[in-house]
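Notes to accompany the following structure.
Quick note on labels: first sequence line is chain A, next is B, and so on, each numbered from 1.
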Amino acid sequence: MRQVEFTQPVTTTQFSPLQLRPRTLLSLMSESFARWTAAHLVPFPALVAEHGTAVVVQSVGIDYAAPDLRFDESAWITVRCTMSADLTGDRLWMWVDYLATGRLAAKGTLIVRVVRLADKGSLAARPGPLPGHLLAMFAPGEIRELDARQPARDAESWPSVGNPALTSSWSTVLCRSHCEVADQWSFIEMVELVTHARERLFTMDVSESARVAVAAPLRSLRAVFRRPMFLFDECQVDTTVCTAVNGDRPVVHHEVRGAGRDAVHLSVWEQLDPLDT
Amino acid sequence: MTFRFTGLLLRFVGYQRTTEITATNLADALRQLRERFPQLRPVLWDESGSLIRVHRLLLNGELLSKPDDDVPLRDTDQIEVLTAIAGG
């Protein structure tokens with residue numbers, strides 16, 4: 001499989017005191033996608049403007065390597081990615097390695113649904129496969145069967161899921177800072193939003209579960225984007241802290257809905273390290 | 001009747017969340033909407049004048065699966081125009 005690699009300087013805003021922020025990794029993931037398509041297909045703007053094709057994120061996964069990379073350990077971070085298309089060209093799957101100081105700092109996965117644009121002004125779209133001439137640009141080993149349900153299954157298999165200890169609900173409005181060029185939510189900013197929901201718990205509750213939610217580093221994250229939301233949509237973030245079962249790690253589960261609606265638009269699971277004390 | 005806009009359509013109607021139109025059926029309402037917001041034309045309608053199916057019309061909260069021209073409208077009706085998905 002063909003690889004794309006790039007290296008960037010490290011800055012303070014990429015890190016929390018605990019580790020690389022999810023937002024940093026997702027932002028580099030988005031850049032990786034653009035770099036891979038530019039190197040091996042067509043640049044992203046040409047994909048949209050000339051081929052009437054774009055993508056929406058269906059799921060993302062992050063797995064942090066232990067020990068966590070800290071800000072002062074490396075001046076540079078290197079990102080390596082590979083990409084595959086499924087047999088029909090309906091989905092693309094990208095694998096990303098984040099490396100620093102000669103070791104793996106985290107791994108990421110990105111699954112996107114290919115969409116065909118209805119008009120280039122609004123970027124309104126409908127699901128549809130990659131045009132045949134673009135699918136043909138993938139190398140033979142890069143086209144294979146892919147299981148788009150895998151990220152959700154990963155998270156649902158985490159033992160702590162289903163053992164709720166603390167729940168919270170928070171309503172907010174999606175603004176431009178949460179959205180991308182089509183005024184549709186950005187996967188980067190929506191994951192950032194739920195990490196915000198988790199950390200708010202600390203200001204609202206004095207229980208051990210609230211302490212876990214901010215004190216422990218993330219070990220893994222899975223996000224499944226079920227149906228998009230748009231600029232100025234009111235959304236409700238329902239957060240559940242699930243405490244550790246049988247020595248496994250605690251999990252914080254978020255579901256994002258339209259205000260007053262039942263349908264879940266986004267599900268995110270954050271698996272945290274257990275607290276030592 | 002009232003048209004209500006959300007999401008990516010807002011920028012094509014000058015960020016007006018709602019606009020009032022006097023019409024007795026859907027065809028007349030949509031015609032007046034096109035005239036009021038010409039920027040909406042290439043977004044909501046194809047070259048043959050048919051509504052592009054990535055957008056959905058909800059009449060008083062109910063999806064109009066086949067938005068026929070002769071759907072009757074009352075003054076109190078509200079039509080919400082929704083977009084299912086955008087590429088980005």
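Counting non-hydrogen atoms of neighbouring residues, nucleotides and ligands closer than 6.0 angstrom, the CZ atom of A:Arg261 reaches no more than 12 such neighbours. In the displayed structure, B:Arg74 atom CZ is contacted under 6.0 Å by at most 12 heavy atoms of other residues, nucleotides or ligands. Counting heavy atoms of neighbouring residues, nucleotides and ligands inside a 6.0 Å radius, atom CZ of B:Arg36 exceeds 12 of them.
The distance from the OG1 atom of B:Thr6 to the CZ atom of A:Phe230 is 8.0 Å, given to the nearest 0.5 Å.
Side-chain atoms of B:Ile85 and A:Arg227, non-hydrogen and from C-beta on, never get closer than 4.5 Å to each other.
Contact detail for B:Ala84 and A:Pro228: the closest heavy-atom pair is O-CG, 3.2 Å. The two atoms that bring B:Val54 and A:Ala125 nearest to each other are CG1-O, 3.2 Å, heavy atoms only. Closest of all the heavy-atom pairs between B:Arg53 and A:Arg126 is N-NH2, 3.9 Å.
Residues of residues 37-52 of chain B having a heavy atom under 4.5 Å from any heavy atom of chain A, listed by number: B:Pro42, B:Val43, B:Ile52.
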Quick one: side chains of residues 7-17 of chain B, donor-acceptor pairs under 3.5 Å with protein atoms, not counting sequence neighbours, listed by atom name and distance.
from	atom 1	to	atom 2	distance (Å)
B:Arg11	NH1	A:Asp183	OD2	3.4
B:Arg11	NH2	A:Gly121	O	3.2
B:Tyr15	OH	A:Arg176	NH2	2.4

